[in-house]
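See below for the structure under consideration.
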Amino acid sequence: MSPHSDSHGHGHGHHEEHNHGSLKSYTIGFIISIILTVIPMLVVFNGLMSRTGTLLVILVTAILQLLVQLFFFMHINEGEKPRYNVMALVLGFVIVITIVAGSVWIMSFNSVVQ
Amino acid sequence: MQQHIVSPEVHEHHTQEQESLKTAGFWLFLVSDTLLFGTLFATYVVLVGHTNGGPSGKELFEIPGFVASTFLLLTSSFTSGLAVLQMQAKKLSGMIFWLIMTLLLGAAFLYLEVTEFVNLVHEGANIGTSAFLSAFFTLVGTHGIHVTVGIFWCIGLIFQLRKHGITTVTKRKISNFSLYWHFLDVIWIFLFSVVYLMGVM
């Protein structure tokens with residue numbers, strides 16, 4: 001998704017105004033988002049898969065849609081370097097994953113204690 | 001005296017630098033907001049099974065309601081992007097049109113959410129019924145408050161646009177609003193997935 005526009009944007013130098021996306025990229029992002037929303041809906045509402053399979057489909061499509069929003073709508077692959085916003089975002093994701101996964105893991109011992 | 005005279009180009013460049021610094025600051029806000037939602041998600045995931053003999057998500061969530069909410073917010077994320085495109089094309093009226101569309105879609109989303117909450121409370125599922133519902137109302141409600149703030153922010157920006165037109169300052173404000181709105185859609189994707197879809201499966 002990102003590398004081609006990255007190398008493209010880099011050739012222009014710093015002072016040119018950054019053109020954040022085009023109608024085409026927004027429309028493509030919108031269509032992919034709709035598809036990624038409909039897939040887990042179909043799987044869940046029709047009971048197409050086992051429990052684990054359904055959970056996996058829901059999580060994978062959600063994460064893919066997060067990436068679509070970040071690249072097609074929020075343009076994190078554009079802007080001046082160094083991209084402190086991306087660094088902050090990655091740190092944020094690490095903390096969120098730690099909090100969520102850590103909470104689920106530690107609380108799973110609740111039944112052992114009781 | 002000579003050093004006090006600043007050419008308009010230098011001044012403009014200086015403003016642009018300040019504005020891009022403000023956008024960087026806004027990114028940091030978005031990251032800190034991600035942490036807020038992360039902790040609320042963690043709380044929800046831990047407490048989702050603790051229904052205290054009360055209703056679970058499977059009995060409470062109405063499929064047509066949250067499916068409609070999802071598409072409303074997704075479309076409004078797209079229209080806020082269209083507003084930014086109009087801004088880059090320096091078309092003020094088109095920009096205000098797409099901002100108003102974003103606003104209306106956001107308001108429709110909010111209407112559905114408030115109706116859902118009112119219905120839940122009437123069914124006897126309020127924030128004090130169980131740990132699951134406390135976590136649910138806090139998580140979904142916090143997102144709803146964010147959307148409400150975004151709607152008022154957008155109204156304010158439309159007034160500023162009509163008054164000042166497209167300037168370096170209003171451009172930055174619209175870009176930040178658009179980032180915020182996309183961010184709220186991202187949060188909703190996870191609410192939709194983790195709370196609603198996993199709730200009804």
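Lettering follows sequence order; numbering is per chain, from 1.
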Look at the side chain of Thr79(B) and the backbone N and O of Ser76(B), then say whether any donor-acceptor pair between them is shorter than 3.5 Å.
yes
Is it true that a side-chain atom of Thr54(A) and a backbone atom of Ser50(A) form a donor plus acceptor pair closer than 3.5 Å?
yes
Identify which part of Phe183(B) has an atom lying under 4.5 Å from any heavy atom of chain A, answering side chain, backbone, both or neither.
both
Just checking, any donor-acceptor pair under 3.5 angstrom between side chains of Thr70(B) and Trp188(B)?
yes
Contacting moiety of Val104(A), where chain B heavy atoms sit under 4.5 Å
both
Which atoms of Phe192(B) are under 4.5 Å from chain A, going by heavy atoms: the side chain, the backbone, both sets, or neither?
side chain
Thr51(B)-Ser56(B) side chain donor-acceptor pair, cut-off 3.5 Å:
no
Chain B shares the most heavy-atom pairs under 4.5 Å, among Ala62(A), Gly92(A), Ser103(A), with Ala62(A)
Can you check whether Leu112(B)'s main-chain N or O pairs, donor with acceptor, with Ser69(B)'s side chain at less than 3.5 Å?
no
Examine whether an atom of Thr39(B) lies under 4.5 Å from a heavy atom of chain A, and if so say whether it belongs to the side chain, the backbone or both; otherwise answer neither.
both
So, the part of Tyr84(A) with a heavy atom under 4.5 Å from chain B: the answer is neither
Between Leu91(A) and chain B, with a heavy-atom cut-off of 4.5 Å, which part of the residue counts as in contact: side chain, backbone, both or neither?
neither
Answer with side chain, backbone, both or neither: which region of Tyr180(B) has an atom nearer than 4.5 Å to a non-hydrogen atom of chain A?
neither
Under a 4.5 Å heavy-atom cut-off, does chain B meet the side chain of Val90(A), its backbone, both or neither?
neither
Out of Ser77(B), Ala24(B), Ser32(B), Ser20(B), return the one with the most heavy atom pairs under 4.5 angstrom to chain A.
Ser77(B)
Could you tell me which of Phe41(B), Phe78(B), Phe71(B), Tyr196(B) has the largest number of non-hydrogen atom pairs under 4.5 Å with chain A?
Phe78(B)
Could you tell me whether the side chain of His146(B) and the main chain of Thr142(B) form a donor-acceptor pair under 3.5 Å?
yes
If we ignore hydrogens and angles and just use 3.5 Å, is the side chain of Asp33(B) paired with the main-chain N or O of Phe29(B) as donor and acceptor?
no
What part of Ser80(B) gets within 4.5 angstrom of chain A, counting heavy atoms only: side chain, backbone, both, or neither?
neither
Verify the ring-centre separation between Phe136(B) and Phe61(B): is it less than 6.0 angstrom?
yes
At a heavy-atom separation under 4.5 Å, does Thr61(A) approach chain B through its side chain, its backbone, both, or neither?
neither
Can we call the ring centroids of Phe26(B) and Trp153(B) under 6.0 Å apart?
yes
Between Leu179(B) and chain A, which part of the residue has a heavy atom less than 4.5 Å away: side chain, backbone, both or neither?
both
